[in-house]
Amino acid sequence: MALTGRRNAPSEHAFSPHDDVLRTAAQHVARRRFLTVTAAAAMLAFTTNRPARGATAAPERDAARISADPFTLGVASGDPLPESVLIWTRLAPEPFAADGGLGQERVVVDWEVATDERFVRVEQRGAATAHPDYAHSLHVDVKGLKPDSRYYYRFRVGAWISPTGRTRTAPAAGSDTSGMRLAAVACQAYQDGYYTAHRHLAQEDVDVVFHLGDYLYEYAVDSAGGARRYTDRTLPDVFNRETTTLADYRLRYALYKSDPDLMAAHAQHPFLVTWDDHETENNYAGAAAENGSSPEQFLARRAAAYRAYWENQPLRAEQLPQGPDARLYRRLAWGSLAQFDILDTRQYRSDQAYKDQPHAPGTESDDPARTLTGAAQERWLLDGWRASSAVWNVMPQQVCFAQRKFDLTAPARVSMDAWDGYRASRERVMAGAKAAGIDNWMILTGDVHVGYAFDLKDDFDDPGSRTLGTEFTCTSVASGGDGAQKPTNWDTYMKANPHMKHYDGRRGYIRVELGRDKAQVDFRTVSGITKPGGAISTTASFVTEAGSPGLKSA
């Protein structure tokens, strides 16, 4: 079905990198944090992220000359507010070419948002420009929508019409919303297997999806697609190297986003995204690289990675990176039912203690000056809790918050990359939760490629201490291959951590139903991902009651 009507003049709601976004970004420049490296290093990274001079004067591509489908990377939406939602696409008729097949020309794109899938009742329409400076990505902040409503959206370039996306707005601020459903996913190493979890997620009845990091992996992908073992296609050599440059990261997103199951999940649900480490480099910490490269070199790489991340995700202008900095932590609400405080635990953290090796807590890791969130984000989180009147305070973030001992003997080793390696930081956050009086605290976590369910204890070494909330890790979409129901360390972990109520090493995601009286969390597990077509089932379910923290089997 063709879009109807003449192309409108560019809407005030349409994103253009040379008006609303750069104006918003300019307002944030004064607040930019230069990390504790030389100004020269920060400026080196910053210059890798600036739009080309004269971008607005770039020639415009005649849409009629686009002879191949430009919507090969699908559509997406994200960060729903009561009266707006962000819709996204990226034009790439040749997705595995460095320029996506569109060179340095800008392209005018029409968009529509309707209340029905056939676009009979169009609520908003407009046009926006996809610029080569942003890899021909398009971010349209559609405003003036009705709260708590379902919408459909699509884009058009010449004769080409995108797939239809489905999205929704959040309930009105403070409204007495009775319930909502969400899902959480993480860790989707393309080379480790198929996105079977995303295929099933696309069929779930959920309001939003949280992606908790490792959307992309920097590691090389061979011509056979790694564990996918393609026999009917050969991937180009551009993927068979680690990503380090802006061109590398853009191409790797094109590979990931070309996956039909990931495209289907994005088209069906609005996503709220945050990154972990692999979107840039494994286990980096602030300005410290894993491989020991100089801060100057690493911040240049980080700037490229952050820019490509923004280009390829449904994020607003406020998240547009300024060089190696991007304000990704943010807060959204679902009426009075839930407040979501989405964290970034990579960009601001202190370097890992004890050379990032499993280690018992000690003076190095327990230094009170160490932080996982940075001081500004920590204050923002605690201030937000003090002001919250939501029934549920949900904290989507990246690495395990609860204590996780690796040994039965004392002193037990713990991860230096998770909150266990930053115990003073964790204690400040827990003290803030108690001081704010939040009764229903739920943490959603990625990173570890397994499903965990934890009670959050006031004293993790005392099982009888007060329970402050719950934490759920959502396992991985693909990272780690098929996995096992009971990994080899299952018995050790369950005995060493009595607050750990569930541990499953298979792939999948979690589904959460929040109500005003209770929340139910289902672990949705696929039968395998190294071959396509795996089945899904609910392998564990837990309930936590409002006002009575702690996990019970459903």
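Only a predicted model underlies this, so the values are computations on that prediction, with no experimental measurement involved.
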Inset, instruction - Begin from the C-alpha positions of Phe96 and Phe239 and carry the test ring pair (Phe, Tyr, Trp, His ring centres under 6.0 Å) through to its verdict. - result: CA-CA 9 Å; Phe96 296 167; Phe239 301 122; 5.0 Å; yes

Inset, instruction - Starting from the C-alpha separation in whole Å, work towards a yes-or-no answer on side chain to side chain contact (heavy atoms under 4.5 Å, CB included) for Asp79 and Leu332. - result: CA-CA 8 Å; Asp79 281 19; Leu332 294 95; 4.1 Å; yes

Legend entry - Audit row: Glu318, Arg327, salt bridge (charged side-chain N to carboxylate O under 4.0 Å, His left out) steps and yes/no: CA-CA 7 Å; Glu318 289 80 2; Arg327 168 70 180 268; over 6 Å; no

Legend entry - Pair Leu102-Arg61, side chain to side chain contact (heavy atoms under 4.5 Å, CB included): steps then yes or no: CA-CA 8 Å; Leu102 292 174; Arg61 170 71 68 101; 4.0 Å; yes

Legend entry - Criterion side chain to side chain donor-acceptor pair (under 3.5 Å) on Gln398 and Thr345, from CA distance to verdict: CA-CA 7 Å; Gln398 293 76 33; Thr345 63; 2.7 Å; yes

Legend entry - ring pair (Phe, Tyr, Trp, His ring centres under 6.0 Å) evaluation trace for Phe271 with Phe210: CA-CA 6 Å; Phe271 272 55; Phe210 287 89; 9.6 Å; no

Inset, instruction - Check the pair Thr280, Tyr306 against side chain to side chain contact (heavy atoms under 4.5 Å, CB included), reporting the backbone distance first and the verdict last. - result: CA-CA 7 Å; Thr280 302; Tyr306 282 13; 3.6 Å; yes

Inset, instruction - Carefully, step by step, assess Val448 and Cys400 under the rule side chain to side chain contact (heavy atoms under 4.5 Å, CB included). - result: CA-CA 8 Å; Val448 288; Cys400 274; 3.9 Å; yes

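Neither side chain, Tyr153 nor Thr167, offers a donor N or O lying under 3.5 Å from an acceptor on the other. Thr445 and Thr473 share no side-chain donor-acceptor pair at under 3.5 Å. If you check the side chains of Asn283 and Glu290, you find no donor sitting under 3.5 Å from an acceptor. A side-chain donor from one of Gln188 and His211 sits under 3.5 Å from a side-chain acceptor of the other. Side chain to side chain, Thr164 and Glu117 fail the donor-acceptor criterion of an N or O pair below 3.5 Å. Between the side chains of Thr72 and Asp69, no donor-acceptor pair of N or O atoms lies under 3.5 Å.
Closest of all the heavy-atom pairs between Cys474 and Leu212 is SG-CD1, 4.1 Å. Nearest approach of Thr274 to Glu279, heavy atoms of both residues: O-OE2, 4.3 Å. Residue Arg150 comes nearest to Val206 through the heavy atom pair NH2-O, 4.4 Å, listed as atom of the first residue, atom of the second, then distance. In terms of heavy-atom proximity, Arg199 sits nearest to Gly534 at NH2-O, 3.1 Å. Residue Gly103 comes nearest to His136 through the heavy atom pair O-CE1, 3.3 Å, listed as atom of the first residue, atom of the second, then distance. Trp88 and Phe155 get closest at one heavy-atom pair: O-CE1, 3.5 Å.
In this structure Asp205 satisfies the salt bridge (charged side-chain N to carboxylate O under 4.0 Å, His left out) test together with Arg181, sequence neighbours excluded. Shown here are the salt bridge (charged side-chain N to carboxylate O under 4.0 Å, His left out) partners of Arg250, two or more places apart in sequence or in another chain: Glu311. Remark: Asp192 pairs with no residue by the salt bridge (charged side-chain N to carboxylate O under 4.0 Å, His left out) rule, at least two apart or across chains.
Ring pair Phe523/Tyr509: centre-to-centre distance not below 6.0 Å. Annotation: Phe298 is in aromatic contact with Tyr284 [ring centroid separation under 6.0 Å]. Remark: aromatic rings of Trp275 and Tyr309 are close, center separation under 6.0 Å.
The closest donor-acceptor contact from the side chain of Asp148 to the backbone of Ala170 lies at 3.5 Å or more, if one exists at all. A distance-only check finds a donor-acceptor pair linking the side chain of Thr169 to the backbone of Lys146 [under 3.5 Å]. Put simply, the side chain of Arg65 never gets that close to the backbone of Ala63: no donor and acceptor are under 3.5 Å apart. Distance alone, capped at 3.5 Å, is enough to place a donor-acceptor pair between the Arg228 side chain and the Tyr190 backbone. Side chain of Ser258 to main chain of Leu255: a donor-acceptor pair is present (N/O by atom type, distance under 3.5 Å, no hydrogens or angles). The main-chain N or O of Gly193 is never found under 3.5 Å from a side-chain atom of Thr530 such that the two would form a donor-acceptor pair.
Residues Lys257 and Asn312 form a side-chain contact, since some pair of their non-hydrogen atoms from C-beta on lies under 4.5 Å apart. Between Val108 and Glu60 the shortest side-chain heavy-atom distance falls below 4.5 Å. The side-chain heavy atoms of Ile510 and Arg524, taken from C-beta on, include no pair separated by under 4.5 Å. Taking the side chain as every heavy atom from C-beta outward, Glu242 and Tyr217 never approach each other to under 4.5 Å. Looking only at side-chain heavy atoms (C-beta outward), Arg252 and Tyr256 come within less than 4.5 Å of each other. Looking at heavy atoms from C-beta onward, Gln377 lies in side-chain contact with Leu343 at the 4.5 angstrom threshold. Looking at heavy atoms from C-beta onward, Gln124 lies in side-chain contact with Leu145 at the 4.5 angstrom threshold. You'll find the side chain of Trp111 stays beyond 4.5 Å of the side chain of Arg154, heavy atoms only.
Residues Arg302 and Asp325 are paired through a salt bridge, judged by an N-O separation under 4.0 Å between the basic side chain and the carboxylate. A salt bridge is absent between Arg507 and Asp482; no separation between the charged side-chain nitrogens and carboxylate oxygens falls under 4.0 Å. The pair Arg346-Asp417 counts as a salt bridge, with a side-chain nitrogen and a carboxylate oxygen less than 4.0 angstrom apart. Comment: Asp222 does not engage Arg229 in a salt bridge, judged by the lack of any side-chain N to carboxylate O separation of less than 4.0 angstrom. Between Arg241 and Asp248 there is a salt bridge, since at least one side-chain N of the basic residue sits less than 4.0 Å from a carboxylate O of the acidic one. One finds no salt bridge joining Glu218 and Arg301 here, because no Lys/Arg side-chain nitrogen approaches an Asp/Glu carboxylate oxygen to under 4.0 Å.
A side-chain contact (heavy atoms from CB on, under 4.5 Å) with Leu91 is found for one member of Val107, Leu138, Ile66 and no other, namely Val107.
Rounding to the nearest 0.5 Å gives a distance of 10.5 Å between CD of Glu83 and OG of Ser149. With values rounded to the nearest 0.5 angstrom, Thr89 atom OG1 is found 5.5 Å from Phe71 atom CZ.
The cationic group of Arg168 does not satisfy the cation-pi geometry with Tyr151, failing either the under 6.0 Å distance to the six-membered ring centre or the 45° limit from the ring axis. Both the sub-6.0 Å distance and the 45° axial angle are satisfied by Arg233 relative to the ring of Tyr230. Judged by the 6.0 Å and 45° rule, Arg316 forms no cation-pi pair with Trp310. Geometrically, Arg307 does not engage Tyr249 in a cation-pi contact, judged by NZ or CZ lying under 6.0 Å from the ring centre and within 45° of the ring axis. Relative to the six-membered ring of Tyr134, Arg90 misses at least one condition, a distance below 6.0 Å or an angle of at most 45° to the axis.
More than 12 non-hydrogen atoms from other residues, nucleotides or ligands lie less than 6.0 angstrom from CG of Asn291.
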